[in-house]
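Beneath this line is the structure, given in structure tokens, with notes to follow.
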Protein chains: 2
Amino acid sequence: MRGEDRLTAWLSRQAGTSRLLGDDAAFLSLPGDVAVTVDSQIEGVHFLPGLAPERIARRLLAVNLSDLAACGARPAYAFLALNAPGNLPHRRFLSALLRAARAAGIRLAGGDLASAPAFAATLTLVGTRPRSGRWVRRDQVRAGDRLWVGGTLGEAAAGLLLQRSGGTLAKKPAPLARAARRAVTRHLLPTPQLELGAWLGRRRRAAALDISDGLARDLHRLCRASGVGAVINGDGLPIADGFSALCAALGANPMQLALTGGEDYILLFALPADVVPPPRFNATAIGIATAGRGVTLNAAGKSSALPDRGFDHLQ
Amino acid sequence: MRGEDRLTAWLSRQAGTSRLLGDDAAFLSLPGDVAVTVDSQIEGVHFLPGLAPERIARRLLAVNLSDLAACGARPAYAFLALNAPGNLPHRRFLSALLRAARAAGIRLAGGDLASAPAFAATLTLVGTRPRSGRWVRRDQVRAGDRLWVGGTLGEAAAGLLLQRSGGTLAKKPAPLARAARRAVTRHLLPTPQLELGAWLGRRRRAAALDISDGLARDLHRLCRASGVGAVINGDGLPIADGFSALCAALGANPMQLALTGGEDYILLFALPADVVPPPRFNATAIGIATAGRGVTLNAAGKSSALPDRGFDHLQ
């Protein structure tokens, strides 16, 4: 056996899925209804060069899991396309991916390894529908629904800014250093809200997506899919402890980061106004869906149109 | 709507799968047993820079379909992760992919678009099991089985050599020019042997894989998976008309290309000795599976061990 086959054989033993990994395709027996999602992590695009392979692996899984969370799916299988330079410590990357996958109830069922000039990994996840749940979609928002987010906004973007600036703020006062560490962790390793997604799937009606390109952009997507508008309370957007001070230290506008920073990987969701998520999800109501089109932002006593702005891979 | 969303909306209309492409994941109702395969095409690794986006798209689909063919699966759904520089003519690539997918009975059900410094596309295909068929695996070869290939060997590798050399051989004598054109086409656009794979799936017992890294390497894989050896008749390996003359013009060894050239994307398969594939598949018997281990090559009156050699992404 040579390099590629030896690695595949090793991986197959590690994954405990020799029957799955041995053929040209993986053979799965699925329960009928599945959700499938695909996402890539590219060096220099989604994370800065030099990130440890273990961190890349966990991030790759997390951003994909966030998509399954948004649909109310239960993670089941993963397929990896790993395109990386020959000097990548493949086993470190794969071990970390397997460990994180196992913790999420996922089996690595197949994939493809190729040499490439720069690191890029694509993960395909297959999720199943919980027996008592339905799929959570984007197009189920109705005028009058309350809009929620499942965590704090802008922190991941601040973490990326911090990493780009090369600073750690470690020597700053303790609260600021703590906020900085949390922001970097938030950027490096998102926490997919699978439990929240599953809860949404058990509601009579709910709509959701995960915020990957910033609240503003993803809110516009949600509204467009459902044919509604929205009014957002900008003064009540949830931000982390010390976030404003951190933004000040970074020279960034906290409201701007919260609205358009991106990569929050928390759920933005809509529920009928009389339905309130349990406190354990730490969700915050941020506004209301309206019969019109467009998104209005109320902040600091002023009302303005919130533009469809955020991260765009094609701009 | 901005660049990325506009492209997704356009794609969704083109694909006629608005329900599938609109959410964080695609929701599929599958018939239970599915085969899933993942493969990438990377500029400079799988094809030379400058290839037209339409050709890249068709090649991406074809190499993935070849994996489904090897399993006896019927193509059903595709998921695309497209990581490309902003100047890629996305719609040309996507139109060509959709057209080729439609022709193969495939719906593009989801995906992910990202900007990246170099072109890399990963396609995940989901295939279903024909009602009257079983999955074709690698581990079903038994000693005494006859080994077959579903087409000619080495031609795709010659086509790549030809493209790398920058020559067209167009001004050479007509038969050589014809052989050259066929070889380049063979490299650029493999023909996945789906019908042959489905036929194998209807046999009582069959084993197969698709030759992607050269006959020698993939034969070793097949034998290893099944715990058998093989004896190959090197003098009877199927090569295309004019292949030897083309190799001479390229300064390449035809036997070497046929054995280790790679990217043939035809099926290597095993059947009980009394089963012969119908003539329409143009299959050629190349040897026999043995009870021992290792692969022996008989050629020009000599017998030698055929090493496990071919293309390896990790070497």
Side-chain angles (χ1 to χ4, degrees), chain A residues 1-5 7 22-30 32-40 42 44-46 67-68 70-71 73 77 79-81 83 86 90 109-118 120 122 124 126-127 135 137-139 209-210 217 221 224-225 308 312-315, chain B residues 1-5 7 22-30 32-40 42 44-46 67-68 70-71 73 77 79-81 83 86 90 109-118 120 122 124 126-127 135 137-139 209-210 217 221 224-225 308 312-315:
Chain A
M1 272 196 283
R2 307 304 283 266
E4 192 181 337
D5 285 339
L7 184 63
D23 288 281
D24 289 270
F27 305 115
L28 307 181
S29 279
L30 294 169
D33 281 5
V34 298
V36 184
T37 181
V38 181
D39 251 311
S40 300
I42 305 167
V45 176
H46 297 94
D67 280 328
L68 287 190
C71 300
Y77 294 101
F79 298 85
L80 172 71
N83 305 323
H90 283 85
D112 179 53
L113 298 170
S115 62
T122 298
T124 305
V126 178
W135 294 130
R137 297 178 181 271
R138 296 182 179 186
D139 62 1
L209 47 61
D210 76 319
R217 166 133 306 156
R221 284 177 177 148
R224 213 156 44 223
D308 181 359
D312 192 317
H313 273 285
L314 297 184
Q315 285 186 331
Chain B
M1 270 195 283
R2 308 303 283 267
E4 194 181 336
D5 286 338
L7 184 63
D23 288 279
D24 290 271
F27 305 115
L28 307 181
S29 278
L30 294 169
D33 282 4
V34 298
V36 183
T37 180
V38 181
D39 251 311
S40 300
I42 305 167
V45 177
H46 298 94
D67 281 328
L68 287 190
C71 300
Y77 295 101
F79 299 84
L80 171 71
N83 304 323
H90 282 85
D112 179 53
L113 299 169
S115 62
T122 298
T124 305
V126 178
W135 294 132
R137 297 178 181 271
R138 296 183 178 185
D139 61 0
L209 48 60
D210 76 319
R217 167 132 306 159
R221 286 176 177 149
R224 215 158 39 224
D308 180 359
D312 192 318
H313 273 284
L314 298 185
Q315 285 186 331

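Keep in mind that this is a model prediction, so the values were computed, not measured. Note on naming: letters A, B, ... go to the chains in the order of the sequence lines (proteins, then strands), and numbering restarts at 1 for each one.
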Query raised in the report: What is the minimum heavy-atom distance between B:Val45 and A:Ala116, and which atoms define it?
Result: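 Heavy atoms only, the tightest pair is CG2-CA, 4.2 Å.
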Query - Separation between OG of A:Ser115 and NE2 of B:His46, rounded to the nearest 0.5 Å - result: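 It comes to 7.5 Å.
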Query raised in the report: With a 4.5 angstrom heavy-atom cut-off, which part of A:Ala35 approaches chain B: side chain, backbone, both or neither?
Result: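 A:Ala35 touches chain B through backbone and side-chain heavy atoms alike.
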Query raised in the report: Contact part of A:Leu209 toward chain B, heavy-atom cut-off under 4.5 Å: side chain, backbone, both or neither?
Result: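 For A:Leu209, backbone and side chain are both near chain B.
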Query raised in the report: Step by step, would you call A:Asp39 with A:Thr122 a side chain to side chain contact (heavy atoms under 4.5 Å, CB included)?
Result: CA-CA 6 Å; A:Asp39 251 311; A:Thr122 298; over 6 Å; no
Requested in this report: Tell me, out of A:Val126, A:Asp112, A:Leu80, A:Asp33, who's got the most heavy-atom pairs with chain B below 4.5 Å.
Outcome: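 Heavy-atom pair counts peak at A:Asp112.
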Report task. Return the option, out of A:Gly127, A:Pro117, A:Ala81, with the maximum number of heavy-atom pairs under 4.5 Å with chain B. Result ->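 Answer, by heavy-atom pair count under 4.5 Å with chain B: A:Ala81.
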**Report entry** Derivation of the side chain to side chain contact (heavy atoms under 4.5 Å, CB included) call for B:Leu30 and B:Tyr77
**Finding:** CA-CA 10 Å; B:Leu30 294 169; B:Tyr77 295 101; 3.8 Å; yes
Report task. Using a strict 4.0 Å threshold on nitrogen-to-oxygen distance, state whether A:Asp308 and A:Arg224 make a salt bridge. Result ->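 Salt bridge flag = yes for A:Arg224 with A:Asp308.
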Query raised in the report: Side chain, backbone, both or neither: which part of B:Ser40 has a non-hydrogen atom closer than 4.5 Å to chain A?
Result: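 Its backbone and side chain both get close to chain A.
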Query - chain A contacts, top residue of B:Asp210, B:Leu68, B:Val34 (heavy-atom pairs, under 4.5 Å) - result: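 Top option by heavy-atom pairs under 4.5 Å: B:Val34.
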